[in-house]
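Lettering of chains follows the sequences in order, A, B, ..., and the numbering in each one begins at 1. Just so it is clear, the values below take in all heavy atoms, side chains as well, and ignore hydrogens, waters and symmetry mates. On a predicted model such as this, the values are computed, not experimentally measured, just so you know.
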2 protein chains.
Amino acid sequence: MDKIFKALASEPRRRILEYLAVEPMTVGEIADNFEMAMPSISKHLAVLKAAGVVREQKRGQYVIYALVVEALTGQLYGFLAPYCGEAQRIAEARPKRRGAGLRE
Amino acid sequence: MDKIFKALASEPRRRILEYLAVEPMTVGEIADNFEMAMPSISKHLAVLKAAGVVREQKRGQYVIYALVVEALTGQLYGFLAPYCGEAQRIAEARPKRRGAGLRE
DNA sequence: TTCCTATTTAGCTAAATAGGAAATTACGTC
DNA sequence: GACGTAATTTCCTATTTAGCTAAATAGGAA
């Protein structure tokens, strides 16, 4: 729980998620949308990955990042569950699967 | 959006919300549940209040804090909406009312 | 191999954050 | 008024975080 909120407590990281919600991208493509230097983007991606909300896939010399939307929503519904009947229902209906697998 | 995630990116602050989910409490009562000194708790409460997720009410020399659960859930559903049809539906069904008023 | 591009890692500095102690404010009581 | 308790504010220090540049790693192409 801590990792995901730390990860989301950053405007650039939330923006990265928005971009990845559209389609998977390489680090360079993501960086093109920011003023920030690539190493900084790379670190933000590492934080998002540690929180489980993005997944990484090497493709030649490129690294493609993709949103893991169920991890994002699942963790937040899990947090909301004690505060909201609807979230509780949704969270229960979604058994959190560990390593939901990255299909090729 | 930034304020709420910054507010939630702290274990002590999330714990405070859990306590307040049970019942409103004074600062001292909240502090009793922590190792932390009261001024620190007071500051955490200020952060939560700035994010709109708790409300403050003076009662004599005491200050009673209460969870504003709709603000907590509403903001998170708002964030989730673009990522999840269910959240979108819930967020739309809940017009975010500004200053939902603290009734005495 | 050498060169080039993509990405990550290391090392650094500046800024933000968390916590404590002490001082201050606010209220109630004597 | 003086005193005591509740809470906040101020000021300080330690830690963490964000961003940069430069260097290292990894892969593809010549």
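Among dT21(D), dA7(D), dA22(C), the nucleotide with an atom closest to any side-chain atom of Pro39(B) is dA22(C). In this structure, the nucleotide among dC20(D), dT7(C), dA7(D) sitting nearest to the side chain of Met38(B) is dA7(D). Side chain of Lys6(B), nearest nucleotide from dT17(C), dA6(C), dC20(D): dT17(C). In this structure, the nucleotide among dG27(D), dC27(C), dT8(D) sitting nearest to the side chain of Lys58(B) is dC27(C). Distance from the side chain of Val63(A) is smallest for dT8(C) among the nucleotides dA6(D), dT8(C), dG19(D).
For dC20(D), the OP1/OP2 oxygens have a side-chain nitrogen or oxygen of Ser40(A) closer than 4.0 Å. Between His44(A) and the phosphate of dG19(D), there is a side-chain N or O to OP1/OP2 separation shorter than 4.0 Å. Between dG27(D) and Arg59(A), no contact under 4.0 Å exists linking OP1 or OP2 to a side-chain N or O. Between Tyr65(B) and dA6(D) there is no side-chain N or O to OP1 or OP2 distance below 4.0 Å.
Distance check: Cys84(B) SG to Tyr77(A) OH gives 3.0 Å after rounding to the nearest 0.5 Å.
Judged by Watson-Crick or G-U wobble contacts below 3.5 Å, the nucleotide dA2(D) has dT29(C) as its partner. dG19(C) and dC12(D) make up a base pair, with Watson-Crick or G-U wobble contacts both under 3.5 Å. Across every strand in view, dA30(D) sits in a pair with dT1(C) that passes the Watson-Crick or G-U test at under 3.5 angstrom.
Take the nearest nucleotide of DNA chain C for Lys43(A) and for Gln61(A): the residue whose nucleotide is more 5' is Gln61(A).
Atoms OH (Tyr62(B)) and C1' (dT5(D)) sit 7 Å apart, rounded to a whole Å.
Here the side chains of Glu18(B) and Tyr83(A) are in contact, with some heavy-atom distance below 4.5 Å.
Of all the heavy atoms in Arg13(B) and Lys6(B), the pair that sits closest is NH2-O, 3.0 Å.
Checking each of Leu48(B), Val27(B), Thr26(B) against Tyr65(B) for a side-chain contact (heavy atoms from CB on, under 4.5 Å) leaves exactly one that passes, namely Val27(B).
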